[in-house]
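Read the numbers this way: they start at 1 and go in the same order the structure lists the ligands and their atoms. The basis for the numbers below is simple: all heavy atoms, side chains too, and nothing from hydrogens, waters or symmetry mates. In this chain, numbering begins with 1 at the start of the sequence shown.
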Amino acid sequence: MTLLIETPRDIPPVDEVMRDEKLEDALQTHGHAMVLRAVRNTLADVREALLMKSDATTTSAHYCCMNDLVRKVIVQLELWSKPLIQYVINATGAILHSNLGRAPLAASAAEAAYNAGRRYTTLEYNLEEGARGERTAAVEVLLKRLTAVESALAVNNNAAAVLLILATLARGREVVVSRGELVEIGGSFRIPEIMEESGATLREVGTTNKTHPDDYLRAIGDKTAAILKVNRSNFRMEGFTEEVALDTLATIAHQNGLPLIYDLGSGCLSRTLHDRIFEEPFVPDATASGADIICFSGDKLLGGPQSGIIVGRRCYIEAMRRHPLLRAFRCDKMTLAALETTLFLYLNPSRAHKEIPLLAMALADEDVLEKRVSSFINALNEADVPASMYSESSIIGCGSAPGCKLATPVVAIDPTLAPNPSTPDELLRELRTGEPLVIARAGNDRALFDLRTVFPEEEDALLQRLLRILA
Ligand SMILES: *Cc1c(COP(=O)(O)O)cnc(C)c1O
C-alpha cells in the first residue's frame with residue numbers, strides 16, 4: 001500500500017482510489033460524482049507533475065503514495081466546497097467599498113430579501129383584486145412619501161436607469177449636456193458611451209471648467225429631446241469653474257418644452273448625512289428644484305441593495321414602464337424586498353440612522369469611535385502587541401462625496417515588535433486567509449484598522465484573530 005508513485009505508470013486506476021476507505025466520509029458529504037471528479041483531477045495533476053519532472057530536478061517532492069493521493073483529493077474537495085463569495089470584516093475605513101460589495105444592508109432589509117427568496121411573495125400580485133399587480137408598487141409608494149414625486153421606478157442599477165431614461169426619452173434625437181459633466185465612473189461607466197448605446201446623440205456644450213446658460217440655449221433646436229445634468233462623482237472641480245444652477249437649467253428646459261434629466265449618482269435620502277457631507281445633493285432638494293426625471297443608485301449613499309431608482313413626472317415614468325428595455329433591467333424579488341424595507345426605514349430618520357449600516361458608520365460619533373479604538377488597543381497591549389491610536393480619515397467610497405474625509409481614530413499595529421513578529425504586509429496578507437477574513441490597509445509602517453467600518457459585533461472576532469496571529 002505504501003507503494004511510491006514515481007512514474008506515470010505507477011499511478012493507480014481511478015476505481016482503486018475511489019475504493020480507499022479514507023474517502024468514505026467525503027463520499028457521504030460530497031456525493032459520488034463530485035468525489036470522482038476530484039479523484040480524476042488529482043490523478044491528472046500528479047501525472048502532469050511526473051511528466052514535467054526532468055531528472056535534474058527530481059526530488060522526493062515529486063514522489064507520492066496512495067495516502068498522499070487521498071489527502072490531495074480531500075483538500076481539493078474542501079477547496080471546491082468553499083464559496084468564492086466569502087464574508088469579510090472590512091477594516092479599511094471605506095464605507096462603500098467597490099470590491100467588498102458596496103453597502104451592507106440593514107438587518108431588516110437583509111431579512112426581507114431572505115424571506116422573499118425562500119417563499120412565494122406578492123411581488124406582482126394585487127391582493128385586493130386577486131389579480132396581477134405592479135412589480136415596483138411598494139418602492140413607488142415609499143418614494144412618493146419620502147420625496148413628493150409623482151411616480152417612481154426601480155431597475156438593476158443606476159447605469160441601467162440612465163440607459164433606460166435616455167432610450168425612452170431621446171432615441172434618435174439629441175441630449176444637451178455640459179462638457180464638464182461627461183464623466184467616467186469606476187468600472188468604465190462613461191456617460192458618452194451610455195448615450196451612444198441608448199441611441200441618443202450627445203450635444204456637448206461649454207468647456208471643461210465653465211458652462212453658461214447661453215451655451216445650453218444656443219444648442220437647443222428641433223432635434224433636442226432633453227437636457228441632462230450629471231452629478232460629478234469621483235472628482236471635484238476647484239478654481240476657475242462655473243456651472244448652471246439646477247433651477248436655472250430647469251427654467252431653460254421648460255421654456256423650450258424639454259424635460260430636464262438629472263443623474264444624481266449617489267442618492268442621499270438622509271438630511272443629516274447631507275448636512276455632514278454637503279457635496280452630495282439631497283434627493284428631495286433635487287426634485288424640488290424642477291428636474292423632471294432624477295436617477296440614483298440604491299447601493300451608494302442610500303445604503304440599500306444594488307439598484308437604480310428613477311423618480312419624477314408620471315408621463316415620463318409611464319413611458320419607461322412600457323419600454324421593452326425595462327424587461328431586461330427589472331429588479332428581482334430579493335432586491336425589491338430589501339429596497340422596500342430600506343426605504344421604509346427612512347420614514348423614521350432616527351431609526352434609519354441606527355439601522356442602516358452606511359448611515360450608522362458615516363454618522364458615527366468620534367468620541368464613541370475613540371472609546372472603541374482605545375479599548376481595542378488596551379486588549380492588544382495586554383498581550384504585548386504594540387498598538388497605538390493614529391488620527392486618520394475614513395472615506396465614503398464608490399465615488400460618493402470624493403472630497404469628504406471623515407476624521408477617524410484608527411488602531412495602528414506595529415507587528416514587527418509583536419511576540420510573534422511579522423511585517424505589516426505579511427500580517428495583512430495572513431488576514432486575507434483563514435477565518436474570519438479581514439481586509440485592512442498599511443500606512444506609516446503600520447497595519448491600520450479603522451473600526452468605523454467594523455460592526456461592533458465583529459470587533460471581538462477581529463481582536464481574537466489578531467491575537468492568534470501576533471501574540
Ligand atoms: C455611480 C454612478 C452611476 C452608476 O451607478 P451604478 O449604480 O453603479 O450603476 C451613474 N452615474 C453617476 C453620476 C454615478 O455616480
Side-chain angles (χ1 to χ4, degrees), residues 94-105 136 139 143 152-167 169-170 175 177-198 200 202 211 226-237 243 246 249 260-269 273-274 277 279-283 285-286 291 293-312 320 325-326 328-332 335-336 338-339 342-343 358 395-404:
I95 301 176
L96 296 173
H97 197 300
S98 314
N99 309 132
L100 302 181
R102 288 197 182 169
L105 295 176
T136 57
V139 168
L143 281 164
L153 187 59
V155 291
N156 281 334
N157 50 41
N158 192 33
V162 174
L163 188 47
L164 178 64
I165 293 168
L166 295 175
L169 302 185
V175 173
V177 60
S178 161
R179 285 201 172 83
E181 296 170 6
L182 293 174
V183 297
E184 168 170 337
I185 295 145
S188 67
F189 173 93
R190 286 182 167 169
I191 286 292
E193 286 167 12
I194 290 283
M195 192 92 76
E196 202 175 310
E197 290 301 322
S198 75
L202 188 64
T211 306
I227 296 179
L228 170 67
K229 183 169 177 60
V230 183
N231 189 42
R232 291 197 195 102
S233 308
N234 286 311
F235 73 108
R236 265 205 319 186
M237 289 223 297
E243 63 182 308
L246 195 62
L249 213 49
L260 173 62
I261 303 164
Y262 189 10
D263 173 12
L264 270 182
S266 294
C268 182
L269 273 180
L273 181 64
H274 169 69
I277 53 166
E279 52 188 303
E280 286 293 342
F282 185 45
V283 175
D285 287 350
I293 298 289
I294 292 174
C295 62
F296 50 93
S297 278
D299 55 348
K300 288 186 182 169
L301 286 181
L302 196 73
Q306 181 195 301
S307 49
I309 295 167
I310 307 171
V311 298
M320 290 175 216
L325 268 182
L326 179 63
F329 292 162
R330 68 181 193 177
C331 298
D332 83 306
T335 300
L336 286 170
L339 185 57
T342 305
L343 291 171
L358 169 112
I395 57 166
I396 299 286
C398 271
S400 303
C404 172

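Residues K300 and E280 are not paired through a salt bridge, judged by the lack of any N-O separation under 4.0 Å between the basic side chain and the carboxylate.
A donor-acceptor pair under 3.5 Å is absent between the side-chain atoms of H274 and the main chain of L269, judged by distance alone.
I261 is listed as a side-chain neighbour of L166, based on a closest heavy-atom distance under 4.5 Å. At a threshold of 4.5 Å between non-hydrogen side-chain atoms, the residues I165 and M320 count as touching. When side chains are defined from C-beta on, L228 does not count as touching V162, because their heavy atoms never get closer than 4.5 Å.
Here's the thing with D299: none of its N/O atoms is less than 3.5 angstrom from an N/O atom of ligand 1.
Ligand-side atoms of ligand 1 in range of N231: 13 (C), range being under 4.0 angstrom from any heavy atom. Counting atoms of ligand 1 from 1 in the listed order, those under 4.0 Å from a heavy atom of A159 are 4 (C), 5 (O), 6 (P), 9 (O).
Residue-level proximity to ligand 1 for R190 is absent, since no heavy atom of it falls below 4.0 angstrom.
Distances from atom 8 (O) of ligand 1 to the heavy atoms of R102, Q306, K300 show the closest one on R102.
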